[in-house]
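Everything quoted here is computed from the prediction, not taken from an experiment. Convention: sequence-line order gives letters A, B, ...; per-chain numbering from 1.
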2 protein chains.
Amino acid sequence: MKQITKYVIKNSLKRIFLYRACLVRLKLMGVERVYSYTLANETGVNSDQVRKDFSEFKITGNKRGGYNIDELLEKMESIFHRNKDHNLVLIGMGNMGQALSKYSRFVQRNMNIVATFDIDPFKQKQRSDLPVYSMNRLKEIIDRFRVKVAIIAVPEISAQEVADELVRHGIKGIVNFAPVLLKMPPDVVVNNVNLCDELESVIYYVHKLMKVDGIKNLELLYRDMKY
Amino acid sequence: MKQITKYVIKNSLKRIFLYRACLVRLKLMGVERVYSYTLANETGVNSDQVRKDFSEFKITGNKRGGYNIDELLEKMESIFHRNKDHNLVLIGMGNMGQALSKYSRFVQRNMNIVATFDIDPFKQKQRSDLPVYSMNRLKEIIDRFRVKVAIIAVPEISAQEVADELVRHGIKGIVNFAPVLLKMPPDVVVNNVNLCDELESVIYYVHKLMKVDGIKNLELLYRDMKY
DNA sequence: CATATTTTGTGATTTGTTTCACATCTTTTT
DNA sequence: AAAAAGATGTGAAACAAATCACAAAATATG
């Protein structure tokens, strides 16, 4: 049974990403131990929330002693399964696909695009650090590298078809850059990334901010923006 | 006064984007009138929520008659200021920057990147449909095209510096692809797009789904994912 | 070693969001 | 023209998330 797979990253999870980014930076600066209020200051959330979030993800510290950065980071890595390697496939080698295929941060975070795919044979010949295969080799690669997660960067017209094929071959998670809501079985996770929407929402809030008069309304707006 | 500018798109706003995408599709299919449950089915939210969201954004329909697609779309366009053109600048012509500069959907939605910038003179000479300027022409372009919103696609090391300069020249909204939390004055809107986080969160939920046994836990998980 | 201080972790409270339920208006049917 | 049916719009209720507040633990101090 297929259904619309619209999935939103929980805010608490987003904040965990935030905390981690700060921890990495602090560690580089030589800091060894942090307190909930350290992270609060660095990330703009309040310290109660930091602790509540940690509690949700079963992260504990030392009463009075705060948190040891290394332990925290290790805990977070295990939460996100970063201790393991993750093989990915990328479908669609247009603009966005090519940029993603060269995006070095994925590798730094143990996420490896093992192969890319495109229907256009010309793109398959193009110079690229990664192999560009035609779609008929999809199953072979997914099986060989035990791929569970795919990135879709194809035109919207073919996104659903591609997604269906991926799922048939065992893919369980999709980051979808095509502006379509995919209809998927309920055991497949889909995260839609829509760049236009990201931009438009900024434009929306900028207009709202410019129209605001008086400090009280400004505070209301910040609340609205979940500042 | 600068502060961490961490900003989250409200879920109701995200759903409005969703509704709009559906409406556009339905219109192409020749549909003229929709009901709250039509949109509900198409987007996977429930019909009460559709109506509540519309109410939040002051969108009204006809009792019994549902909503006229053209009117709805027009209303939404005015909410997002799509009736006007929006000039953007893009800073950083690395992988991601180059992909974004060619991203045709921005133009389709009345968002025009009028110029791109990079510190590397080589990239400035590279073949591109858009001019690639060095940073010292930033002010001139921002003024000439009345640019209010910028896209940052520079390495994380220089993101804060670039953002500061943008704000000095009057930029009020930023879509930031660099994995850094920018410290900005409170009247500047920042939307951080972090591709690694998007991928990792999918990996996180995929692992969670695979570990789930029994239908009850599955439902709990869906709730957790705000399915 | 007792007391003071600091910070965590978590129930209790408040605030925000989603769902429910129904009055209201509009159209269709008889 | 009255009754029935269908959809909206919105208070009320239920649920979820964020903040408050404080007991408990760990460390520091005298």
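- The phosphate of dT8(C) (OP1 or OP2) has no side-chain N or O of Tyr35(A) nearer than 4.0 angstrom.
- In this structure, Ser47(A) reaches neither bases nor backbone, as no heavy-atom distance under 4.0 Å exists between it and the strands shown.
- Nucleotide dT8(D) holds its C1' atom 14 Å from the CD atom of Glu71(B), rounded to whole Å.
- Using a 4.5 Å heavy-atom threshold, the side chains of Glu200(A) and His86(B) count as separate.
- Computed from coordinates, the Leu72(A) CG to dG9(C) C1' distance equals 14 Å when rounded to whole Å.
- Atom pair Asn11(A):CG and dT19(D):P shows a separation of 11 Å (rounding to whole Å applied).
- The side chain of Arg33(A) contributes no N or O atom lying less than 4.0 Å from OP1 or OP2 of dT7(C).
- Using a 4.0 Å heavy-atom distance criterion, Gly66(B) is classed as a sugar-phosphate-only contact.
- Map Asp53(B) and Val34(A) each onto its nearest nucleotide of DNA chain C; the residue landing nearer the 5' end is Val34(A).
- A salt bridge does not link Lys14(A) with Asp53(A): none of the charged nitrogens is closer than 4.0 Å to a carboxylate oxygen.
- Using a 4.0 Å cut-off, no side-chain N or O of Gln49(B) falls inside it from OP1 or OP2 of dT17(C).
- Nearest approach of Tyr103(A) to Asn95(B), heavy atoms of both residues: N-ND2, 4.4 Å.
- Note: CD (Glu56(A)) to P (dA18(D)) measures 9 Å, nearest angstrom.
- The 5' end of DNA chain D is approached more closely, in terms of each residue's nearest nucleotide, by Ser12(A) than by the other of Ser12(A) and Asn62(A).
- Between the CZ atom of Arg15(A) and the C1' atom of dT19(D) there is a distance of 12 Å, rounded to whole Å.
- Between Lys58(B) atom NZ and dG9(D) atom P the separation is 13 Å, expressed in whole Å.
- Mapping Tyr67(B) and Arg64(A) onto DNA chain D by nearest heavy atom places Tyr67(B) at the nucleotide closer to the 5' end.
- Nucleotide dC22(D) holds its C1' atom 11 Å from the CG atom of Asp48(A), rounded to whole Å.
- If you check dT7(C), dT18(C), dC20(D) against the side chain of Lys63(A), the one that comes closest is dT7(C).
- A salt bridge links Lys172(B) with Asp187(B); the closest basic N to acidic carboxylate O contact falls under 4.0 Å.
- With distances taken from any side-chain atom of Arg51(B) to the nucleotides dA7(D), dA21(C), dG9(C), the minimum falls on dA21(C).
- Between Ser36(B) and dA7(D) there is no side-chain N or O to OP1 or OP2 distance below 4.0 Å.
- Between the CG atom of Asn46(A) and the C1' atom of dT8(C) there is a distance of 14 Å, given to the nearest Å.
- Contact check on Arg146(B) versus Asp85(B) returns no salt bridge, with no Lys/Arg side-chain nitrogen under 4.0 Å from an Asp/Glu carboxylate oxygen.
- Picking from dT8(D), dA12(C), dG9(C) the nucleotide with the shortest atom distance to the side chain of Lys52(A) gives dA12(C).
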